Each structure stands twice: as C-alpha cells, then as structure tokens.
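Just so it is clear: chains get the letters A, B, ... in the order the sequence lines come, proteins before strands, and each one is counted from 1. Keep in mind that this is a model prediction, so the values were computed, not measured.
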There are 2 protein chains.
Amino acid sequence: MTEQPGPSARQIVEKVWLSIAERRLRPGIQLKEEQLAAIFNVSRARIRQALTVLERDGLVTIIPNRGAFVSKPSVEEARDVFFVRRTVERCVVERLCQSVNKADLRRLRDHVAKERVANAADVTSDIIKLSGGFHLLLAETVGSDFLFTTMRDLIARSSLITAVYRNTNRFNCGPDEHEEIVEAIAAKDAKKATHLMAHHLEHVESELDLSEIRDLSHDLRAALA
Amino acid sequence: MTEQPGPSARQIVEKVWLSIAERRLRPGIQLKEEQLAAIFNVSRARIRQALTVLERDGLVTIIPNRGAFVSKPSVEEARDVFFVRRTVERCVVERLCQSVNKADLRRLRDHVAKERVANAADVTSDIIKLSGGFHLLLAETVGSDFLFTTMRDLIARSSLITAVYRNTNRFNCGPDEHEEIVEAIAAKDAKKATHLMAHHLEHVESELDLSEIRDLSHDLRAALA
DNA sequence: ACCCCCGATATTGCTGACAATTATGCAACC
DNA sequence: GGTTGCATAATTGTCAGCAATATCGGGGGT
C-alpha cells in the first residue's frame with residue numbers, strides 16, 4: 001500500500017466549491033486549516049493555496065490572523081450578483097439562439113429531464129446541483145471559456161445568497177421554466193427566450209428575503225463527505 | 001532599523017498584475033520564485049500564494065514542476081476575450097446612459113484629458129496604463145463590484161493579447177474614440193454610445209494579427225521596478 | 001554528423017517546526 | 001451581577017531545509 005499523494009489544490013477548490021454551491025457548507029462557518037488538512041489528508045500548505053483561490057472567487061472571506069469563513073454576501077452584493085446574471089444570461093441565450101445545433105439541444109433536454117427526475121424523487125441535494133448546473137450548461141454550450149468561468153462564479157455566489165436569504169421552503173428554479181427556455185432556444189426565438197430568462201431570474205430573486213440575515217452553524221465533516 | 005515585513009501577497013499580485021497590464025512583463029517569460037522573492041524581499045511562500053492567485057486570474061500559467069510563466073493567450077482565447085468584452089462593455093455603457101451623474105461625467109472627462117496629455121507627451125507607459133484604465137473606470141462607475149472585477153480580468157488579458165498579437169506600431173485605444181463615447185453617455189444616447197463602443201472594440205481587435213505568434217524575452221527586474 | 005543516454009545543476013513542491021496573533025476561560029474586583 | 005484583567009489554549013502566518021522533478025550539457029554509440 002503506497003501512501004496516497006492526496007488531492008491537488010485545484011481538486012480541493014473544486015470540492016469546496018461544490019459543497020458551497022450545493023449548500024452543504026453554510027455561510028458564516030469557519031474553515032479551519034488543520035481541520036481541512038485532516039479531512040483531505042494533505043498538508044496545511046495545500047489547504048492554504050485552496051483557500052487563497054476561494055477567497056479570490058469570493059466564496060470565502062479571509063480575515064487576517066482570524067481564519068477563513070464561508071462568505072456571507074451582503075444584500076448589496078446579492079442584488080449585484082443578480083443584476084450581472086440578468087445581463088450575462090440574457091447574452092447567453094441570445095447567443096444560443098443563433099448557434100445551437102442538435103447535439104446541444106439534446107444535452108440541454110437531457111439535463112432538464114434529469115431535473116424532472118430529481119424533482120419527482122424529491123432528492124434535495126440533486127435538485128440544487130442540477131438547477132445550478134442548468135445555467136452552467138447554457139453558458140458552456142456557448143463555447144466561450146471566459147463566459148463559462150464567469151457563470152461558475154455567479155452560480156456559486158447565487159447559491160450562497162440563496163442559502164442566506166431564502167424565504168420560501170420550496171426550492172426555486174423548477175424544471176418547468178428551464179424547459180420553456182430550452183424550447184424557446186430550440187425555436188430560435190431570441191425575443192421569447194430572453195424574456196423567459198429574465199422572468200425566470202426575477203422569479204428566483206423574488207423568493208429571497210433581502211432584509212433578514214440568518215445565522216447558521218453546521219457540521220463541517222458531514223458537509224464535505 | 002527594524003526589518004521591513006515586505007509587501008503582502010495581495011500587493012505582490014497587484015504589482016505583477018500592473019506590470020502585465022502595462023506590458024512590462026511580456027508573455028512567455030518565466031517567473032522564478034526565488035527571483036521574485038529576492039525582488040520583493042519576501043519569502044518564497046508568499047510568492048507562491050501570489051502566483052496561485054495570478055494563475056486563477058489567467059495571467060500566468062503554472063506548469064507543474066516547471067514553473068510559472070506569463071500566459072500566452074491562444075488565438076481562440078483572444079477572440080473569446082474580445083467577444084466577452086463586446087457584450088460586457090455594451091452592457092456597461094447601456095447602464096451608464098441610464099445612471100450617470102455629473103460627478104461621474106467629471107471623472108470620465110478628467111480621465112480622457114489625462115489620456116490626451118499622455119498622448120501628446122508620447123509617454124508610452126502612461127498611454128497603455130490610461131487607455132486600459134478608461135474601460136476600467138467605465139465599469140467602476142456602474143457601481144457593480146462584480147462587473148468591475150470582471151472587467152479587471154478582461155483588461156489584463158487584453159493587454160496580454162495585445163502584447164502578443166499587436167500588428168501595428170501605433171498604440172490603439174486613442175483618446176478620440178474614448179471621448180466620443182463619454183459624450184454619447186453624457187447625452188444619454190444609449191444607441192449611439194453602444195454603437196461607438198462596438199466600433200471602438202472592433203477597431204482595437206482589427207489591429208491585431210491573429211495568425212502569428214511572437215516570442216519575446218525580457219528583463220524581469222527592470223519590468224517590475 | 002546525428003541521436004540517445006546519463007550525470008550535474010537548478011527549480012519547484014512539500015513537510016515540519018516555530019513565531020505572532022487572537023480567542024477563551026477563570027478569577028478578582030467594582 | 002457584570003465587568004475587567006490575565007494566563008492559557010488554539011489558530012494562523014512564516015520560514016528554512018529537504019525531497020522530487022525537469023533542464024542542460026557532455027560523452028558514447030551507431
């Protein structure tokens with residue numbers, strides 16, 4: 001049995017990113033270096049690298065000599081993220097209406113189908129993962145790497161925002177609205193597609209309560225498992 | 001005489017970012033950790049942190065066990081960056097036409113004036129710095145932090161792209177086109193402003209030769225001084 | 001002359017230990 | 001009872017040294 005080298009810094013970032021995007025890591029909790037090092041079975045140096053990148057991405061906030069905490073976006077930041085999403089995703093669907101091919105549409109419809117299954121089975125973690133993944137898949141389909149990376153950031157931050165400010169019990173981003181958007185894109189109806197996307201984002205944002213801040217604590221090891 | 005603690009990792013990132021944006025650090029050159037540590041008078045660990053962040057920003061490429069190099073964007077990436085700039089900056093000027101106030105306009109006009117001075121004096125480094133700064137100032141004026149950060153990335157990458165693929169001797173991004181854009185915004189003429197911006201970006205992109213790749217070497221210490 | 005192999009050198013990647021800073025618990029005091 | 005001050009513990013920030021890996025040069029073979 002050779003000793004495993006452990007995950008790379010990039011893989012750790014990925015894992016934590018996913019845990020945040022899926023809301024298993026709640027805003028406000030501290031990410032202690034030693035703890036993470038033990039969980040991932042790597043040295044603190046690598047954890048440090050990962051945390052530095054995550055801070056750059058806005059997912060964690062590092063307070064000098066205090067530690068790294070999962071970010072609690074302010075109301076202002078929340079509105080900012082949704083503002084940018086409205087403009088970026090509008091651009092995404094416009095572009096898609098011009099350039100989608102059959103393979104793209106197949107992937108998009110497959111994804112919506114998966115969402116439908118997850119909703120029917122009521123598996124919360126899958127629902128969260130897939131509904132964020134839909135928007136990500138749209139950006140990926142455009143073919144611009146920069147756009148994709150930007151959307152990654154936006155989706156992760158949106159997850160944080162939803163975790164802090166969600167008002168309703170039900171999870172938004174249902175597959176119905178997603179399906180409508182896909183079909184509008186399939187019909188190459190840019191006007192309808194952008195309109196549906198705008199409506200969808202408004203809908204998501206409207207389910208947030210942007211006045212109250214909840215404080216949450218959570219078990220770290222379980223969230224990363 | 002107490003020992004200086006040296007610049008923080010963030011400050012190092014800033015310094016290298018600026019050196020790249022101003023094209024004093026050319027694409028392809030290797031950033032050796034020991035060398036940087038000596039220049040900034042800090043330990044290698046802090047240099048490592050800075051390089052990790054710069055890699056995440058796409059400005060340097062880290063090859064495992066080889067080192068960190070200033071990125072050489074591919075033709076594909078170049079087109080991608082300009083594609084995103086067209087859409088993002090269009091959104092920026094649209095937004096500005098709705099929300100500029102007199103203080104904003106004053107700052108913008110001041111900036112253009114500075115560009116004009118630099119052009120008249122023919123100080124190349126100032127010209128580069130200010131012409132990128134204009135686009136950054138536009139994004140900042142919108143008031144969205146996310147948008148500003150995104151434009152930072154785009155401008156830095158654009159600088160890299162220009163350094164690699166610039167065809168003409170003259171520096172693009174002259175103050176005339178910038179001034180026209182500012183005045184269109186001042187007149188709240190969104191149609192004209194977006195049109196001018198699109199034209200401006202097309203102009204900049206058209207001065208690139210997206211088929212040839214030049215190899216450059218450079219003196220590291222001089223560039224960072 | 002060209003190519004392959006191999007040792008020397010340089011650079012990165014990592015680990016562990018140490019210093020600096022902050023949070024915490026406890027006792028004394030107002 | 002609440003607050004202040006201090007000692008302790010926990011956590012982060014930093015550093016120097018070591019191991020691993022890639023580059024470069026020379027030597028030998030074909």
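The side chain of A:Ser43 contributes an N or O atom lying less than 4.0 Å from OP1 or OP2 of C:dT15. Phosphate contact (OP1/OP2 of D:dC15, side-chain N/O of B:Arg44, threshold under 4.0 Å): absent. Here B:Arg46 reaches the OP1 or OP2 of D:dT14: one of its side-chain N or O atoms lies under 4.0 Å away. Contact between the side-chain N/O atoms of A:Arg66 and the OP1/OP2 oxygens of C:dA23 is found at a separation under 4.0 Å.
Between B:Asn65 and A:Pro64, the one whose closest nucleotide on DNA chain C sits nearer the 5' end is B:Asn65.
Closest to the side chain of B:Lys32, from the set C:dC14, C:dT12, C:dT15, is C:dT12.
Donor-acceptor pairing under 3.5 Å is lacking for the side chains of B:Thr52 and A:Thr52.
B:Gln35 has its CD atom 8 Å from the P atom of C:dT11, to the nearest Å. The distance from atom CD1 of B:Ile47 to atom P of C:dG13 is 14 Å, rounded to the nearest whole Å. In this structure, A:Ile63 places its CD1 atom 13 Å from C1' of C:dA23, rounding to the nearest Å. Between A:Gln49 atom CD and D:dG13 atom C1' the separation is 15 Å, expressed in whole Å. When rounded to the nearest whole Å, the span between CZ of A:Arg48 and P of C:dG16 equals 16 Å. To the nearest angstrom, C1' of D:dT12 lies 13 Å from CG of A:Leu36. Summarising the geometry, the separation between CD on B:Gln11 and P on D:dG13 is reported as 15 Å, rounded to the nearest angstrom. One atom, CD of B:Glu34, and another, P of C:dG13, lie 13 Å apart when rounded to the nearest Å.
Using a 30° and 60° split on the angle between ring planes, B:His135 and B:His200 fall in the parallel class, below 30°.
Checked for salt-bridge contact, B:Arg107 and B:Asp110 miss the test: no charged N lies under 4.0 Å from a carboxylate O.
The shortest heavy-atom contact between B:His111 and B:Phe134 is NE2-N, 3.2 Å.
Remark: B:Arg85 fails to qualify as a cation-pi partner of A:Phe146 under the 6.0 Å distance and 45° angle criteria applied to the six-membered ring.
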